[in-house]
Each structure stands twice: as structure tokens, then as C-alpha cells.
Amino acid sequence: MSRKPLVRECPPTTWYFRQPRYLRYMSREITSVFVGAYCVLLVVGLQRLAAGPAAWEAFLLGLRSADSIVFHLLALAATFYHAATWFNATQKAMPIQVGEDFVPGNIISGAHYVAWAVLSVVVLFLAGVF
Amino acid sequence: MKERTIQLEVLRYNPDTDTEARFQRYEVVCQEEWVVLDALNKIKADIDPTLNYRWSCHMAVCGSCGMMINGEPKLSCHAFLRDYEGVIRVEPLAHFPVERDLVTAPDDFMEKLKRVKPYVIPKEKKPISEGEYKQTPAQLMKFRQYSMCINCMLCYAACPEYGLDPEFVGPAALTLAHRYNQDSRDGGRLARQEVVATHEGVWTCTFVGACSEVCPAHVDPASALQQMKITSSIDWIVEHLIPGGKSARDTVSREDAGDIS
Amino acid sequence: MAKSHKPVVWFPFAAGGTVIAFFLPVIVVLTFMAALGHVPAGLGYERMHAFAGSGLGKLIIFGVVALSLWSSAHRLRCTCYDFGLRADTLVATVLYIGAIAGSILSAVYLMKI
Amino acid sequence: METISTDVVIIGAGGAGLRAAIALAETDPRVRVALISKVYPMRSHTCAAEGGAAGVIKPDDSFDMHFDDTVGGGDWLSDQDCVEYFIHEAPKELLQLEHWGCPWNREADGSVAVRPFGGMKKKRTWFAADKSGFHILHTLFQTSLQFPTIARYDEYYALDLLVDEGRCQGVTALEMRSGELRQFHAKAVIIAGGGAGRMFPFSTNGAIKTGDGMAMAYRAGAPLKDMEFVQYHPTGLPNTGSLLTEACRGEGGILVNKNGRRYLADYGMGPETPVGQPQLKTMELGPRDRVSQAYWHELQKGNTVTTQWGECVLLDMRHLGEKKINERLPLVRELADAYLGVDIVKEAVPIRPVVHYMMGGISTNTAAATPLPGLFAAGECACVSLNGANRLGSNSLVELLVFGRRAALSAIEHVQGLPAPNAAALKVGADATAKRIGELFSRSDGTESMSGLRKEMQETMEKNVGIYRTEEGLQEGVNKIHELRQRYRRVKLTDKSSVFNTDLFQALELGSMLDCAEAVTVGALARKESRGAHQRLDYVERDDKNFLRHTMVYHQGLDVPRVDYLDVVITKSPPGVRDYSGDHK
Ligand SMILES: Cc1cc2nc3c(=O)[nH]c(=O)nc-3n(C[C@H](O)[C@H](O)[C@H](O)COP(=O)(O)OP(=O)(O)OC[C@H]3O[C@@H](n4cnc5c(N)ncnc54)[C@H](O)[C@@H]3O)c2cc1C
Ligand code: SF4
Ligand code: F3S
Ligand code: FES
């Protein structure tokens with residue numbers, strides 16, 4: 001038998017350079033780094049809040065650094081990107097059938113976007129932004 | 001008819017003579033509306049009879065002619081020359097061993113298809129003489145999309161998780177399980193869970209979504225797999241967190257599994 | 001092939017993903033405003049303390065923090081694998097423990113408020 | 001050479017082969033089955049069938065009507081005992097598929113839906129959108145996976161039947177990926193190798209439809225029956241030959257010439273029916289032979305539309321509306337759009353007749369048995385004489401099921417009590433195959449190019465054995481194919497590798513097609529009448545006195561084959577007039 005199948009490995013550490021869609025996937029996954037880091041910041045904030053008014057004010061003041069601004073920009077991008085990919089995915093995870101037809105995916109995702117916008121406005125309002 | 005000369009760069013590998021693959025460039029006079037497969041056929045007939053690849057239907061339904069075209073998994077009978085500029089690079093489907101030239105070995109995929117029990121395990125048996133199982137158009141639509149898979153394996157070539165972990169049952173096979181799970185005539189879901197709800201089953205999928213993007217039959221395996229993750233999670237909760245849930249489940253699934261033969 | 005216990009980690013991941021999507025962007029906006037020096041009124045000590053002091057507030061804060069932590073820990077675990085880090089058990093242990101620790105700490109702090 | 005011993009070998013894993021395999025496994029789990037196919041089962045050409053499968057199921061329909069439609073559609077060349085058996089088995093088989101999960105379209109109440117089809121008096125075509133064959137094939141393939149007694153040999157190219165003591169007892173096959181020759185020893189062989197449309201340059205058939213099964217049986221001494229009846233489908237895409245299913249017309253599409261006239265009314269299928277209200281068995285729902293022939297006449301009259309792909313007529317479906325088109329004809333829309341750039345919702349599609357189906361094939365009786373003991377055949381490669389001189393659309397998919405199963409039952413009966421094959425005797429045949437292949441590889445005086453010969457064959461078939469035929473043209477065809485068969489002995493193999501050598505397989509396929517082509521031309525020359533798909537300009541009438549008979553062609557080595565005849569079985573329907581004028585008159 002002269003069979004000698006050639007195995008062309010999928011390069012384990014660089015595969016995501018092969019197609020643009022893989023890069024898009026990886027950037028979605030990378031958002032977790034910033035989300036995670038931001039969560040740590042929230043935990044720290046809670047600790048400060050528990051420690052009393054002075055600690056809390058110091059914490060707020062501490063946010064005002066160049067590093068913090070850069071970090072916030074990144075976190076903002078990451079959370080927005082996460083939100084968009086997540087809402088776009090809902091139509092896949094939970095298709096809704098009404099009668100024979102399925103509700104078009106963009107309606108399901110669209111509804112999520114609307115709910116998201118409303119929720120965000122409510123939070124901003126409660127936080128006294130306007 | 002408009003003609004156009006195109007350059008194809010095709011991966012060649014002959015186990016009889018080669019130790020590694022190499023690219024070979026062909027120049028082919030094509031017609032504007034041709035697909036890549038037409039160009040390959042022309043090479044085979046007029047330029048180089050030693051070039052090997054699979055094809056049959058030329059209408060995107062038999063699933064034989066999947067290849068990487070400029071790095072993207074495609075049916076070559078559905079890859080229109082009008083969509084390409086410059087040199088077109090043709091390689092065998094990624095993530096499968098290359099038997100020769102553009103011919104890959106699909107054994108792993110075939111084995112996985114079989115593993116998911118892709119046939120009706122009837123909820124209630126009934127003889128042919130009693131006619132058809134009633135199924136409303138709505139019940140049909142529930143699974144029809146998932147029954148459209150032509151087994152072309154493009155999704156396997158697109159899914160990096162399959163490339164990284166060949167144990168992964170993979171998008172098309174799992175979607176086929178979902179197709180039967182969703183069929184109103186079927187009662188075999190729990191039997192299929194033995195494959196679906198494992199690490200190599202849906203849990204290797206990280207929802208890259210490439211499978212659905214390349215699927216020529218619009219099957220949307222990514223969606224099927226997400227849905228199965230949700231049902232598998234609910235199953236798990238029933239089995240482990242609800243008292244009596246596990247034993248009840250087990251009896252059902254044993255009956256289901258025993259029902260076939 | 002045995003059935004996987006992945007749902008234990010996946011279910012909270014999915015819940016967390018939803019929480020992140022709906023809540024984190026706006027929360028980031030709030031602290032970002034603070035970072036820029038425009039602290040929203042609601043972030044003042046009094047109002048924050050009152051909010052975190054209430055039962056519902058505690059629940060919401062804990063839910064958001066714990067689920068988001070878990071979700072990002074889980075996703076990071078997969079990402080490590082995708083980058084070629086094959087010590088999955090180790091990575092998972094470290095990250096999940098980290099997430100759990102973070103959640104416990106939040107709970108402790110919340111109890112103090 | 002490795003020997004694989006089994007009980008029944010099936011060659012071909014399309015609809016017919018898979019149905020046979022399942023029937024064997026279900027009927028007797030002790031029978032070992034070897035299922036050989038040159039492609040993975042789901043690549044078989046059954047997957048390309050679009051329209052649907054006919055079987056009496058609705059209360060307003062009757063077996064008698066299905067019988068009359070089939071016999072009349074076949075221009076009385078069908079064996080009526082066979083048709084009788086077929087129509088009664090048809091609904092059972094379709095229901096069986098339903099129980100196995102085939103996603104048939106449904107009525108609102110959950111019962112299966114049926115659609116109208118050409119030449120059928122009632123709506124009786126079961127369908128799964130316009131991917132009926134695809135769903136049938138995949139349902140069968142997936143169902144077959146649960147039977148451990150079915151051993152599959154995917155991508156094995158079957159070569160020669162092994163015959164000993166006058167019984168067919170096996171076959172030789174090349175494992176395509178290693179290039180190794182294997183011999184299969186069995187007590188019975190079922191051929192389900194599909195059609196041979198690739199003899200023609202312009203065909204709806206996939207690359208694999210090269211008549212290997214027919215040629216194999218033919219070379220082993222079994223006669224080919226009625227090979228001159230080649231069906232042209234009236235509506236193919238003019239460039240690729242891809243089929244636009246008859247369901248396009250069943251759903252209400254109309255055919256018009258360059259003047260916008262619904263020309264079918266001029267060829268005995270009128271009067272015109274209102275647009276969008278198709279009536280059964282008239283106008284666009286006439287039988288395929290008549291509709292294709294009408295195109296030819298329009299071409300002669302200069303009424304066709306000249307396109308960059310040649311002379312066409314137009315298939316207009318715009319009035320069906322987007323919703324119905326998407327629901328019932330999604331594939332058609334996709335095909336026309338992708339390959340021709342025409343959106344059927346907005347434009348009429350140019351189409352022309354295209355070679356589609358072989359009515360003829362390995363001669364079998366109603367029990368699916370060939371005259372060679374131990375050899376059975378089913379599907380398009382067989383001629384059980386259901387389709388006569390013209391197959392009705394949607395009868396073929398059911399034929400696969402009915403006679404695939406029948407072949408299995410006959411084979412089981414046949415193997416009872418048979419001794420194990422005599423391995424030494426069969427090896428003689430296998431060695432002959434090995435020698436043949438070896439010679440092909442080592443041939444140094446090869447002068448004929450494979451693709452060159454293939455092209456000449458296809459051109460000959462198109463030119464001389466088309467929709468309308470003449471003595472002169474057919475004689476030329478016979479001579480030319482005969483010459484090509486001689487030249488084929490010097491065909492040159494460029495690729496001498498052992499692994500997946502498609503150059504080799506194409507050469508072998510060419511050999512099969514040349515054998516089939518010779519049977520087609522010789523049979524057509526001898527049949528001096530016009531009947532169904534066999535139309536002669538020099539003998540324009542049907543001649544029941546001399547030709548109410550099946551043509552039987554026997555292989556004679558490199559010589560011109562011998563032609564013989566066999567009477568048609570008539571039970572209750574004497575030859576009559578084929579009437580497609582609707583209820584008008
Ligand atoms: C485009 C199209 C549309 C159609 N639509 C309809 C329709 O709507 N309704 C209808 O009733 N009919 C339709 N038909 C006809 C019908 O589909 C075919 O007649 C039928 O599918 C043939 O099935 P089969 O099982 O005989 O062969 P196939 O499905 O062609 O299978 C042949 C098998 O034989 C194997 N084989 C061949 N040679 C060898 C060899 N040398 N060694 C090993 N294996 C071999 C192949 O691998 C394959 O598995 C259509 C046909 C076409 C082409
Ligand atoms: S799911 Fe789509 S891409 Fe994957 S095998 Fe099926 S048809 Fe091909
Ligand atoms: S690409 Fe792969 S990871 Fe999942 S969503 Fe598709 S199977
Ligand atoms: S040739 Fe059949 S899918 Fe491309």
C-alpha cells in the first residue's frame with residue numbers, strides 16, 4: 001500500500017492569523033481580559049465603599065489618572081464589543097418559532113439592543129447622569 | 001461568451017513520489033461565468049491528467065467538491081471565477097489528512113456521523129399499514145433547516161476547535177443529532193445525549209461561528225450547537241440538582257437506546 | 001465518553017455573558033465619567049452606600065460582579081487554550097479560583113456595608 | 001489479492017443500493033452485506049433529484065389511474081405486470097421513508113402533501129421542497145447506519161463480475177485510495193450502479209453516471225434492454241445542464257417561445273390552460289418526451305431565443321410570486337441565480353432540453369432478477385420495464401425503493417442453501433481483471449488520449465442519437481462508436497500512480513460508457529418506428545405490429561453486439577393513443 005496521508009497540522013499558537021474571521025473571534029474572546037480586570041476594579045471599589053466615605057472618595061479620585069483613562073477606554077470598547085457579539089448570538093441560541101416561521105434573527109437581536117439601550121438609560125438616570 | 005485567462009495555484013501531493021506537498025501553477029483559459037471546478041476540469045482534460053480531486057453533481061448538492069480556495073473552505077462547483085481576482089490558490093480541505101492532491105480522507109467525519117445515531121428512534125412505533133406519522137408544517141419547519149446538510153465538511157475545515165482537537169465530534173455531526181432531536185417523530189434525544197453532552201460533543205465548541213459562515217446549505221450548525229448546550233445544561237440540572245431527576249432520566253434513556261436494533 | 005459536567009461552569013458563564021452585555025457597558029461609562037472628573041451624582045458616597053446597603057442593591061451588585069467575574073474567567077480559560085496553552089486543568093483551576101475568591105470578597109465587603 | 005467473503009454484494013450506494021442493503025439487513029440479520037460504491041453513499045446522484053416521488057395516497061386518486069398514466073406515458077412499452085406490482089408497492093415504500101424520517105412536505109393537518117407532475121392525471125408526487133432525492137438519499141443513508149450487518153466499502157471502484165458455474169458470485173473492485181485490487185466472493189450480486197447520461201455532452205447527470213453497472217453486467221453476458229430510449233428533460237440550464245425540476249411547471253411555470261407564445265399548444269398538448277392554473281396532463285404538464293420534442297420543432301421553425309449559451313426557449317415563473325417560489329422551489333431559484341444570473345422571480349429563464357435519464361438498462365424481471373442467475377439489478381441501471389419508452393417524472397425515485405427492496409428479497413431467496421463460492425474458480429476471473437488493469441498501466445504504445453476519445457463519443461451521441469433520429473445518422477453513430485471502441489484499446493494512461501488515480505477511473509468509466517453507447521446506437525438503428533423518447537424522422541409512426549417489443553442487446557466482445565427482442569407483457573391495457581389534450585377535446 002502506498003497510502004501515506006499527509007497531515008497538515010493546524011498550528012496551535014498561530015492558527016488565528018489564517019482567516020479574518022478567526023481574528024474577529026479572538027478579539028471577542030480577548031474582551032474577557034478587560035472585563036475580568038474591570039471586575040477586579042469593581043471588587044476594589046466595593047472594598048473602598050465598605051471602608052467608609054474617605055476611602056470611597058479617595059478611590060474615585062484615584063480613578064483620575066492617565067492610565068485609568070486608557071484602561072477605561074479599553075474596557076469600554078471591550079464591553080461594547082462583547083455586548084454586540086452577545087446580542088447577535090442570541091438569535092442563534094434561542095430561535096423563536098411562531099406558527100410555521102421563525103422570527104427573523106435580526107428582530108430577536110434588535111429587541112435585545114432596544115432592551116439594552118433602555119436599561120442603560122435607566123441606569124444612567126438612576127446614577128444621576130441626567 | 002467572454003473568456004478570461006486565470007492562474008490557478010494548486011496544491012499537489014503524490015504519496016508515491018513526494019514527501020511533502022508543493023504548489024503547481026496552471027494557466028487556464030476560462031469562460032467568465034465558470035466556477036473553479038470548471039477550471040479544474042479543463043486542466044484535467046487538456047493540460048494535466050494527473051491532477052486529482054473529487055466532484056460529481058456540479059450543482060452544490062452532492063458535497064464532494066469541497067476545497068480551500070484562497071484559504072476559505074468552498075465548494076469548488078459554487079466558487080465563481082467572477083468573484084476572484086489574480087492568482088487563485090486551491091488546496092485540499094483543511095483539518096483532514098491529504099490522500100493525494102485535493103483528495104482528503106474523510107474517515108473521521110464518517111465515523112462521527114454514525115456515532116450520533118442519525119436516524120429516527122421512534123417515540124411510538126407504528127406499522128406502515130397505519131399510514132404516516134402526522135407532522136404539521138410547523139413541526140416540519142422546526143428541524144428542516146438542520147436536515148439540509150450535504151455533508152460537505154466545509155464546517156470542519158472552518159472550525160478551528162476541530163483543527164486543534166480532532167476528537168471534537170464537530171459541527172455537522174452534532175447538528176444532525178439536533179435535526180433528529182427536533183423531529184416530532186423522534187424520541188431518541190436522551191440516547192444521543194451520550195455523545196452530544198460529552199466533552200468531545202458540544203462542549204468543545206467555543207462558538208467560533210465559522211461553521212455557519214461557510215456552510216453552503218445554510219444549515220447554521222453554530223445555532224444548533226448553542227441550542228444543544230442549553231438543553232444539555234438543563235439536563236444536567238435535572239440530573240444532578242433535582243431529587244429523583246437522574247434515575248427518571250436513566251430509565252427513559254435506556255428504553256430509548258434499547259428500542260433500536 | 002462520559003457525559004460532561006461542563007454545564008456547571010458553562011451555565012454561569014452564559015448567565016454572566018448576558019449580565020456583562022446588558023450592564024457592564026453602562027457601568028464602565030459611569031466610572032469613566034469619574035475618571036474624567038465628572039463624578040455622576042449617583043456615585044457619591046451617600047447614594048452608593050445607600051444603594052449597596054439595601055438588600056436588593058446587595059443582590060444586584062453581587063450578581064453583576066460574581067457572574068461577570070465567572071464569565072470572564074471561563075472565557076479566558078478557553079482563550080488560553082486557543083492561544084496554545086495546553087495546561088487546561090491548571091489554567092482553569094487558577095482562573096476559577098480567582099473568580100470565586102473575587103466573589104467571596106465582594107460578598108464579604110457587601111456584608112460590611 | 002485480498003478476498004472479501006460475504007453473502008450478498010451490492011454495487012452502488014445510491015437510492016437503489018441503500019434501499020436494498022436496508023431490506024437485506026432488516027429481513028435477515030444473518031446475511032452479510034458488502035455495499036460497494038465508487039463514491040461515499042451521500043454523493044450518489046440520487047441526491048440531485050429535485051421534484052419528488054409518485055405514489056397513490058390521496059382519496060381522490062386510484063391505483064388504476066397511476067397504472068394508466070405510467071403505461072400510457074411509457075407509450076405501451078412498459079411490462080404491465082411490473083407496473084401493477086410497482087404502483088401497489090409505491091405508497092408503502094414512501095410511507096416507510098416517512099417512518100424513517102424523510103422530511104416530506106405536509107398539509108396543514110399533518111398528512112403528507114402531494115404536487116402535480118408531468119403526465120400524471122392526479123396529484124400524487126410526494127416531495128420534500130425541491131430536494132426530494134437529496135432527502136431520500138440522506139434518509140436512507142442515515143437509516144442504514146444502524147445496521148451492523150451492512151459493511152460499507154466506500155470509494156471502491158467495481159470492475160468485473162465473477163461468474164462460476166453459470167452463476168454470478170462476486171465482483172472485483174479497486175480500493176481507490178490505495179489502488180489495490182480486491183475480490184469480493186458472494187452468493188448473489190445486486191447491481192445498483194445508476195444511469196449513464198454522461199455518454200452525452202450535455203446532461204443533468206453527475207460525473208459519476210457513467211454506466212459502469214450496466215457495462216459490467218453486459219460484459220458478463222446479461223443483456224441490456226431498451227437502451228435506445230434516452231430521456232431528454234425539457235428544462236435544463238443552457239450552460240451547465242443543471243436541471244430545473246418539472247415541479248417548476250407543476251407549480252404553474254409556463255413555456256414560451258421568442259414570440260411569447262405558449263407553443264406547446266401547437267403540438268397536441270393544447271388548448272392553452274390559463275396562466276398560473278396548471279392542469280394535469282396537458283400543456284406544460286405533458287410528458288417529457290413530447291415537451292422536449294416540441295422544443296426541437298420550435299428550433300426548426302426559428303422560434304427559439306438566441307442566447308450566449310445557444311438556442312433556448314423561456315420558462316416563465318414570475319407569476320408564481322416570490323413567496324411560493326421560495327417555499328416550493330428554493331433550489332431552482334438558487335441554481336438559476338448562481339449559474340445563469342437570472343432571478344426567476346423577476347425574469348423568465350432561458351432553458352433547453354438536456355439528457356436526463358436512461359429508460360433502458362440491465363434487463364430484469366419484476367423480481368429484479370437478470371437472466372444471469374445470482375445477478376440482480378435495481379434503479380436506473382436496470383430496465384425492469386416500468387418506464388417503457390418514456391419515464392414519467394417522479395416514478396424513478398420510487399422505482400429505486402420498490403425494486404431496490406425487491407432485489408434484496410430475491411437475493412435472499414436465491415442465497416438460501418447455496419454452497420460457498422468456489423474460491424479457486426472465481427480467482428481465475430479476478431486474475432483476468434488484474435491482468436486488464438496491469439496492462440492498462442504498463443501499456444507503452446498508448447496513442448489515444450482519454451479526454452479526446454470521450455469528446456468524440458459525446459459529440460457522436462449528441463449529433464446522431466438526439467431527440468430526433470434518422471437511419472443515416474444512426475448508422476454513422478453505430479460506425480463511429482464501434483470505431484471508438486477499437487481505438488479505446490490503445491487509450492493512454494498519463495497517471496501511473498496507485499493512490500486515488502482519477503485518470504485511471506476516468507479511463508475505466510470511458511470504457512463503460514462506450515459499451516453502453518454502442519448498445520444505445522445499435523438498438524436505436526434497429527428500431528424502425530417512433531415511440532416515446534425514440535423519435536425517428538424516417539419512421540414517424542409507432543409500429544405496434546413489429547416493435548411492441550423490448551430491444552435486447554448482447555455483448556459480443558469487440559464485435560458489433562447482437563440484437564434480439566422480447567415481447568412486452570400486456571395484461572389489461574392494449575396499446576392506445578396517448579392523449580395530452582386535457583379534458584378539452
Ligand atoms: C438532476 C436530476 C433530477 C431528478 N429528479 C427526479 C425526480 O424528481 N423524480 C424522480 O423520480 N427521479 C428523478 N431523477 C431520476 C433519479 O434521481 C435517478 O434515476 C435515480 O436517483 C438513480 O438512482 P440509483 O440508485 O439507480 O443511482 P445513483 O443514485 O446514481 O447511484 C449510483 C451508485 O452506483 C455507484 N457506482 C456506479 N458505478 C460504480 C462502480 N463502477 N463501482 C462502484 N460503485 C459504482 C455510485 O457510487 C453510486 O453510489 C432525477 C435525476 C437527475 C439527474
Ligand atoms: S453543516 Fe453545512 S458546511 Fe457542514 S457539512 Fe453540512 S452542509 Fe457542509
Ligand atoms: S466553528 Fe466550531 S467552535 Fe462551534 S460554532 Fe462552529 S463548531
Ligand atoms: S460537485 Fe457536487 S457539491 Fe460540488
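Quick note: numbers below take in every heavy atom, side chains included, and nothing from hydrogens, waters or symmetry partners. Remember, it's a predicted structure, so these values are computed and weren't measured experimentally. In what follows, every chain begins at residue 1, and chains take the letters A, B, ... in the order their sequences are listed.
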For this session: May I ask you to say whether B/Asp186 pairs ionically with B/Arg192, meaning some side-chain N is under 4.0 Å from a carboxylate O?
Result: yes
Exercise. For B/Tyr180, is the NZ or CZ atom of B/Lys117 found under 6.0 angstrom from the centre of its six-membered ring and inside 45 degrees of the ring axis?
Worked result: no
For this session: Using distance alone, with no hydrogens and no angle criterion, decide if B/Tyr162 and B/Asp108 have a side-chain donor and acceptor under 3.5 Å apart.
Result: yes
Problem set entry | Side chain, backbone, both or neither of B/Glu161 within contact of chain C (heavy atoms, under 4.5 Å) | side chain
For this session: Begin with the C-alpha distance, continue with both residues' side-chain angles, and end with the deciding distance and a verdict on side-chain hydrogen bond (donor to acceptor under 3.5 Å, both in side chains) for B/Gln193 and B/Asn181.
Result: CA-CA 10 Å; B/Gln193 284 299 89; B/Asn181 290 346; 4.7 Å; no
Exercise. So what's closer than 4.5 Å to chain C heavy atoms on B/Ser232: side chain, backbone, both or neither?
Worked result: backbone
Seminar exercise, completed: Turns out that what part of B/Ile237 lies under 4.5 Å from chain C's heavy atoms comes down to side chain
